[in-house]
Amino acid sequence: MAGRFEGKQALVLGVANKRSIAWAIARRLREEGAELAFTFQGERIEKGVRDLAESVGGHVVGECDVRSEDDLDRVFAATADAFGGGLDCLVHSVAFAAAEDLEGRFTDTPRDRFWMAVDISAYSLVAAARRAEPLLQARGGGSIVTMTYLGGVRAVPHYNVMGVAKATLDASVRYLAWDLGHSNIRVNAISAGPVRTLAARSIAGFTTMEEMFEQRAPLHRHMDADDCGAAAAYLLSSDAANVTGTTLYVDAGYHAMGM
Ligand code: NAD
Ligand code: 0WE
């Protein structure tokens, strides 16, 4: 497939390793011609992200813990430097809750870890979009995509505080779409079914959930990170020029079922 992103520049937040959904999105954008920039969280994954970035001729614009206003300021300044003051696409694929809060009862979530999950998984989109806005405006508009999950709309056992964070993220997509629409910037979410990534593998009962998913989804099959890559490329491209403020389900139809 040639060229939807020829001459376009994209910043990708949320690559941890080659299984990351963010990486599948980046690869697809690259295949279609985009120039890429990446951030990484923590020295532990720096080398891995640098190697992946290098394999697609991308820039690494620095370390970014999304809880840090300074980190965000620094990586958006570095992105402006690398990309000549503009940006076409922003990919946000970041989430975190304490492991212990994805096990027991939601009712027991302490205040500090509730806000941490919302801070990292939802407020970070707002903080990133605010900094991306002038860069996207410099190109006459652009597109932002984030990753969400059905657990923000319905109660999925054990997803717990992450579900509350995703509900916050989903609402943030709609309010950002309204604000940034004035600048021809679109904001959308992809709601993916279970994908075996670093964030998913450590979850107790993930295999059982995959089995249930395969039985109940209309298409009776798993999805993978590349499905998210294809959906993100659509939402980030001019093919979706009049699509904003919405959630695209990439889940083999699972969300449509009542049983
Ligand atoms: P992943 O572990 O590869 O990606 C999560 C990323 O979040 C990592 O790169 C990690 O470094 C980053 N991150 C966590 N805390 C951070 C912080 N404080 N600052 C900066 N970065 C931070 O896992 P993934 O499954 O690719 O997750 C990506 C997104 O997709 C998440 O928003 C997740 O909720 C969403 N999602 C995943 C699935 C699934 O089943 N894997 C399904 C639907 C949605
Ligand atoms: O958004 C997610 C997972 C995000 C995530 C994963 C972890 C594991 C490691 C956030 N924080 C952490 N913290 C850790 O310490 N998904 C959509 C995948 C997922 O996670 C679940 C799911 C599904 C699906 C947790 C419980 C139930 C279902």
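Both counts, for ligands and for their atoms, begin at 1 and track the order of listing.
- Comparing Leu150, Leu198, Ile203, Thr148 against atom 18 (C) of ligand 2, the shortest heavy-atom distance belongs to Ile203.
- Which of Arg196, His158, Met209 comes nearest to atom 28 (C) of ligand 2 through a heavy atom is settled by distance: it is Met209.
- The residue Leu13 has no part lying near ligand 1, judged by heavy-atom distances below 4.0 Å.
- Residues His59 and Phe83 bring their aromatic ring centres within 6.0 Å.
- At least one heavy atom of Lys166 sits closer than 4.0 Å to an atom of ligand 1.
- Residue-level proximity to ligand 2 for Ser202 is carried by the side chain, the only part with a heavy atom below 4.0 angstrom.
- Among Val195, Val66, Ile45, the residue whose heavy atom lies nearest to atom 41 (N) of ligand 1 is Val195.
- Inclusion of Pro194 in the set of residues having an N or O under 3.5 Å from an N or O of ligand 2 is not warranted.
- Contact annotation: for Pro157 versus ligand 2, heavy atoms closer than 4.0 Å belong to the backbone alone.
- Ring geometry for Phe38 against Trp23 counts as tilted: the plane angle lies between 30° and 60°, on a 0 to 90° scale.
- For Met162, no nitrogen or oxygen atom sits less than 3.5 Å from a nitrogen or oxygen atom of ligand 1, counting backbone and side chain alike.
- Closest to atom 13 (N) of ligand 2, if we only count protein heavy atoms, is Ala97 O, 2.7 Å.
- Residue-level proximity to ligand 2 for Phe96 is carried by backbone and side chain together, each with a heavy atom below 4.0 angstrom.
- At a 3.5 angstrom cut-off on N or O pairs, Tyr159 counts as close to ligand 2.
- For the pair Thr148 and ligand 1, a heavy-atom separation below 4.0 Å is found.
- The shortest separation from a heavy atom of Gly193 to ligand 1 is under 4.0 Å, placing the residue in contact.
- For the pair Asp65 and ligand 1, the shortest N or O to N or O distance falls below 3.5 Å.
- Of all protein heavy atoms, the one lying nearest to atom 6 (C) of ligand 2 is Ala199 O, 3.1 Å.
- Between Leu125 and Leu169 there is a side-chain heavy-atom pair separated by less than 4.5 Å.
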